[in-house]
Amino acid sequence: MEQSFFEWLQNTPLAVLVGEVWFPWVESTHVLFTAAVVGSILTVDARLLGVGLKNLPITQIARQLLPVTWIAFAGAATTGSMLFMANATGYIHNTPFLIKMCLLLALGLNMLYFHVITYRSVGKWDVGKPAPPVRAAGFISTVLWLAVICFGRWIGFV
Amino acid sequence: MDIHQFGDWLSQTGPSQAIQASTWAIPAIQSVHILALALTFTSALLLSLRFAGLGLTAQPLPELAGRSTRRIWWLLLVLFVTGALLITAEPGRTITNKVFYAKMIMLALVSALTLWLASVARRGEKPSALHVTFAAVAMLLWGGIIFAGRFIAYYESF
């Protein structure tokens, strides 16, 4: 049943088009969007960790970079889905791909916790040394995003 | 010795053979290369957005420009080293590929643009419409560089 869904997906006209013609363009665009997502998030993380952009308030960095992150993430998710469709039955058995998806889920949860719980007290740590939970969020995000890049690149090598 | 002979010679050298023999070296080097590009893109973006008057106003432009460009030069060093390793590993895929040369031309242009914009910022000049336009062009070039980097893999070498 599950298998037939992925088979169906892979045979949709869009998936066939991506697989046969658009793949290089879609993948290159995916790398571009991914670079914008990861670069902007790691920059915010550096500030959360207290290692970079130390003289700027966290809220100001977040206000400037998070719209970039979200637009780029929408692009990366769209192009990523298109790539997935092109070889859905293969990717669901690709270990680096599955690990990458789990990492993205964990990153989503880390972000959710940070924005809903930790961010409430932002007034106290917006300027100066970040509080321990803030540094923890930055650390988890940095490590997991680095892993996303590595596993993402590895998908094509298995 | 023409470029094809040079590529053949390079691919037979010890370092090239060592990277080729490893199953993980190429994806690992590529991951570092992509990460450095992601951070370069964001450093350039912070500077370009500031030129356009969009945010990060807590930091004076000359100071922000100094920090961003220093970061960009360090990252370019990382990109040069990892890029050189990737060429050494697979010369036939890069130095005889037109997309690779397009990428290098864009890199030369964006480096010159960054030097110029940084010098404008350091003098404390108020950015004109021309500066803002070129700051936007620089971002397009960085985007093109990232896109081209992945596209090399799909474009047939001459």
Side-chain angles (χ1 to χ4, degrees), chain A residues 21-47 52-69 71-72 75-76 79 83 96 100 126-127 142 145-158, chain B residues 22-50 52-60 63-64 67-68 70-72 74-75 79 82 86 99 103 139-156:
Chain A
V21 188
W22 291 353
F23 203 90
W25 299 88
V26 179
E27 199 199 350
S28 301
T29 311
H30 185 65
V31 172
L32 175 56
F33 280 128
T34 304
V37 171
V38 177
S40 58
I41 289 185
L42 290 185
T43 305
V44 176
D45 287 345
R47 179 62 182 84
L53 302 169
K54 278 177 281 197
N55 42 2
L56 292 174
I58 289 175
T59 46
Q60 198 180 112
I61 298 171
R63 220 178 11 249
Q64 174 153 50
L65 282 179
L66 293 187
V68 175
T69 309
I71 293 167
T79 49
L83 295 172
K100 179 180 169 181
D126 195 18
V127 182
T142 301
W145 277 112
L146 294 182
V148 165
I149 294 283
C150 295
F151 283 104
R153 192 68 284 268
W154 198 1
I155 292 170
F157 284 80
V158 292
Chain B
S22 160
T23 50
W24 54 267
I26 289 177
I29 300 166
Q30 285 179 342
S31 296
V32 176
H33 196 75
I34 293 170
L35 270 168
L37 260 174
L39 293 174
T40 311
F41 184 83
T42 312
S43 297
L45 185 65
L46 286 175
L47 185 61
S48 289
L49 286 173
R50 185 67 173 76
L54 296 167
L56 289 195
T57 42
Q59 200 167 35
E63 196 185 319
L64 181 88
R67 283 171 194 275
S68 311
R70 246 194 320 279
R71 226 179 357 254
I72 291 173
W74 277 111
L75 288 163
L79 288 166
T82 49
L86 291 169
V99 179
K103 182 181 169 182
M139 289 323 297
L140 288 176
L141 286 169
W142 283 119
I145 287 169
I146 298 174
F147 184 93
R150 187 81 281 262
F151 206 79
I152 288 171
Y154 295 101
Y155 196 84
E156 212 171 317

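Sequence lines set the chain letters: A, B, ... in the order given, protein chains first and strands last, and positions in each chain run from 1.
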Using the side-chain contact (heavy atoms from CB on, under 4.5 Å) rule, take B:Phe147 and A:Thr29 through it: C-alpha gap first, then chi angles, then the decisive distance, then the call.
CA-CA 6 Å; B:Phe147 184 93; A:Thr29 311; 3.4 Å; yes
Test side-chain contact (heavy atoms from CB on, under 4.5 Å) on A:Asn55 and B:Arg67; report intermediate values, then the result.
CA-CA 12 Å; A:Asn55 42 2; B:Arg67 283 171 194 275; 3.4 Å; yes
Could you walk me through whether B:Leu37 and A:Val31 pass the side-chain contact (heavy atoms from CB on, under 4.5 Å) check?
CA-CA 10 Å; B:Leu37 260 174; A:Val31 172; over 6 Å; no
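Residue B:Ile146 comes nearest to A:Ala35 through the heavy atom pair CD1-CB, 3.8 Å, listed as atom of the first residue, atom of the second, then distance. In terms of heavy-atom proximity, A:Phe157 sits nearest to B:Pro27 at CE2-CD, 3.7 Å.
Separating the CD1 atom in B:Ile26 from the CZ atom in A:Arg153 is a distance of 10.0 Å, to the nearest 0.5 Å. Taking CG of B:Leu35 as the reference point, atom CH2 of A:Trp145 lies at 11.5 Å (rounded to 0.5 Å). Within the model, atoms CG of B:Leu45 and OG1 of A:Thr43 stand 9.0 Å from one another, a figure rounded to the nearest 0.5 Å. Expressed to the nearest 0.5 Å, how far CG of A:Leu56 lies from CD of B:Glu63 amounts to 8.5 Å.
B:Leu46 is listed as a side-chain neighbour of A:Gln64, based on a closest heavy-atom distance under 4.5 Å. Here the side chains of B:Thr42 and A:Leu65 are in contact, with some heavy-atom distance below 4.5 Å.
Within 6.0 Å of the CZ atom in A:Phe23, the count of heavy atoms belonging to other residues, nucleotides or ligands exceeds 12. Around atom CH2 of A:Trp154, no more than 12 heavy atoms belonging to other residues, nucleotides or ligands sit under 6.0 Å away.
If you measure heavy-atom distances from A:Val37 to chain B, you find no contacts under 4.5 Å at all. For chain A, no part of B:Ile145 is nearby; none of its heavy atoms comes within less than 4.5 Å.
For the set A:Pro24, A:Ser28, A:Ala46, A:Gly39, the entry with the most heavy-atom pairs within less than 4.5 Å of chain B is A:Ser28.
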